[in-house]
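Counting starts at 1 for both ligands and their atoms, following the listed order.
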Amino acid sequence: MSRPAYRRILLKLSGEVLMGDQGFGIDPATVASMAAEVKAAKESGLEICLVIGGGNIFRGMAGAAKGMDRAQADYMGMLATVMNALAMQNALEQLGVHTRVQSAIQMDAVCEPVIRRRAERHLEKGRVVIFAAGVGSPYFTTDSGAALRAAEMRCDALLKGTSVDGVYDSDPKRNPAARRYDRVSYDRVLSDNLKVMDASAVALCRDSNIPIIVFNIREPGNLARVLAGEGVSTLVGPVED
Ligand code: UDP
């Protein structure tokens with residue numbers, strides 16, 4: 001599938017892709033391999049914004065299900081995303097990629113606050129900007145954070161790196177006949193409740209006309225292939241095949 005050449009992208013990685021086979025937390029070797037993917041994409045000339053989830057450490061919903069106050073648990077989830085952002089910053093800098101972390105929850109000793117115009121300057125200078133703490137408010141997720149930052153940073157596409165190779169019409173793990181879409185519309189994703197991103201994130205991308213590309217980040221070299229329009233992925237946009 002041919003794709004327009006993107007100038008600036010936002011890559012959203014769920015926290016789970018940082019834990020490797022561990023089942024919890026941060027696996028440094030896995031983070032290093034994700035960083036290598038980002039470096040390769042960067043070397044193709046792209047400006048890259050990153051948003052990383054926190055589900056490998058803590059999810060507010062999981063805390064709430066065990067009796068915690070939801071908002072309190074969500075703040076813990078946001079702090080988890082900051083830890084992941086710092087781990088990714090470390091891995092990228094070890095590969096010689098310059099980065100800045102900007103957090104929606106101010107944390108002056110470890111990172112910058114989110115300042116859009118400063119983020120613009122970082123991108124111009126060739127730095128990867130890692131946005132942490134989602135939107136900075138409970139009851140949201142890092143998917144919404146990714147859509148928000150993609151819109152405000154005027155990214156050409158939001159790439160969602162997960163452990164599946166696209167969007168299916170039903171769960172491929174349960175239904176062997178599940179069909180993967182090459183292209184699917186925002187409206188179908190929302191009306192059929194397809195598991196791509198939160199509805200609020202999909203709606204924000206639709207309203208800002210930002211294509212969402214869902215692909216398997218665990219496959220080495222896949223990010224660069226997908227950006228070249230070669231890899232297996234699903235494009236969520238205004239129209240479908
Ligand atoms: N979170 C939040 N507001 C945000 C972003 C994240 O409250 O804007 C909390 C929420 O509890 C969420 C957790 O942080 O469950 C981790 O983020 P997420 O679940 O999006 O991580 P992922 O599934 O991508 O690993």
S.K.: As an exercise, identify every atom of ligand 1 less than 4.0 angstrom from a heavy atom of Phe58.
M.R.: 13 (C), 16 (C)
S.K.: Considering only the protein, which heavy-atom contact is closest to atom 13 (C) of ligand 1, and what is its distance?
M.R.: Gly77 CA, 3.6 Å
S.K.: Between ligand 1 and Phe140, is the shortest N or O to N or O distance under 3.5 Å?
M.R.: yes
S.K.: Do NZ/NE/NH1/NH2 and the carboxylate oxygens of Arg59 and Glu16 come within less than 4.0 Å?
M.R.: yes
S.K.: Below 4.0 Å from ligand 1: does a non-hydrogen atom of Ala80 turn up there or not?
M.R.: no
S.K.: Are Glu112 and Arg100 ion-paired here, with the side-chain N under 4.0 Å from a carboxylate O?
M.R.: yes
S.K.: Taking 4.0 angstrom as the limit and counting only heavy atoms of Gly134, give me the atoms of ligand 1 inside it, by number and element.
M.R.: 4 (C), 5 (C), 8 (O)
S.K.: If you measure from each heavy atom of Tyr75 to ligand 1, is any distance below 4.0 Å?
M.R.: no
S.K.: Give the residue, atom name and distance (to 0.1 Å) of the protein heavy atom nearest atom 19 (O) of ligand 1.
M.R.: Arg59 NE, 3.2 Å
S.K.: Gly55 to ligand 1: N or O pair under 3.5 Å?
M.R.: yes
S.K.: Within ligand 1, which atoms have a heavy atom of Ser14 less than 4.0 Å away?
M.R.: 24 (O), 25 (O)
S.K.: Taking the non-hydrogen atoms of Gly136, is any one of them nearer than 4.0 angstrom to ligand 1?
M.R.: yes
S.K.: Could an N or O of ligand 1 be found under 3.5 Å from any N or O of Met61, whether backbone or side chain?
M.R.: no
S.K.: If the cut-off is 4.0 Å to any non-hydrogen atom of Pro138, which atoms of ligand 1 fall inside it?
M.R.: 7 (O)
S.K.: Taking the side chain as C-beta and beyond, is there a heavy-atom pair between Ser137 and Met78 under 4.5 Å?
M.R.: no
S.K.: If you have a sec, work out which protein heavy atom is nearest atom 24 (O) of ligand 1 and how many Å separate them, to one decimal?
M.R.: Lys12 NZ, 2.9 Å
S.K.: Would one find an N or O of Gly60, backbone or side chain, under 3.5 Å from an N or O of ligand 1?
M.R.: yes
S.K.: Tell me the nearest of Asp74, Val17, Ile57 to atom 7 (O) of ligand 1, using heavy-atom distances.
M.R.: Asp74
S.K.: Identify whether the distance between the nearest side-chain nitrogen and carboxylate oxygen of Arg180 and Asp169 falls below 4.0 Å.
M.R.: no
S.K.: Which of the atoms of ligand 1 are close to Gly53, meaning less than 4.0 Å from one of its heavy atoms?
M.R.: 21 (O), 22 (P), 24 (O), 25 (O)
S.K.: Can you tell me which residue and heavy atom of the protein come closest to atom 5 (C) of ligand 1, and the distance to 0.1 Å?
M.R.: Thr141 C, 3.3 Å
S.K.: Side chains of Thr99 and Glu93 only: does a donor on one sit below 3.5 Å from an acceptor on the other?
M.R.: yes
S.K.: Does Leu11 reach the side chain of Val38, with side-chain heavy atoms less than 4.5 Å apart?
M.R.: yes
S.K.: Taking both backbone and side-chain atoms of Val135, is any N or O found less than 3.5 Å from an N or O belonging to ligand 1?
M.R.: yes
S.K.: Using a strict cut-off of less than 4.0 Å between a Lys/Arg side-chain nitrogen and an Asp/Glu carboxylate oxygen, indicate whether Arg8 and Glu120 qualify as a salt bridge.
M.R.: yes
S.K.: Would a 4.5 Å heavy-atom cut-off, applied to side chains only, mark Gln89 and Val128 as touching?
M.R.: no
S.K.: For atom 20 (O) of ligand 1, what's the nearest protein heavy-atom neighbour? Residue, atom name and distance, please.
M.R.: Thr142 OG1, 2.5 Å
S.K.: Check each heavy atom of Ser137 against ligand 1 and say whether those closer than 4.0 Å belong to the side chain, the backbone, both or neither.
M.R.: backbone
S.K.: How close does the nearest protein non-hydrogen atom get to atom 21 (O) of ligand 1, and which residue and atom is it?
M.R.: Gly54 N, 2.9 Å
S.K.: Which bit of Met76 is near ligand 1, meaning a heavy atom under 4.0 Å away: side chain, backbone, both or neither?
M.R.: neither
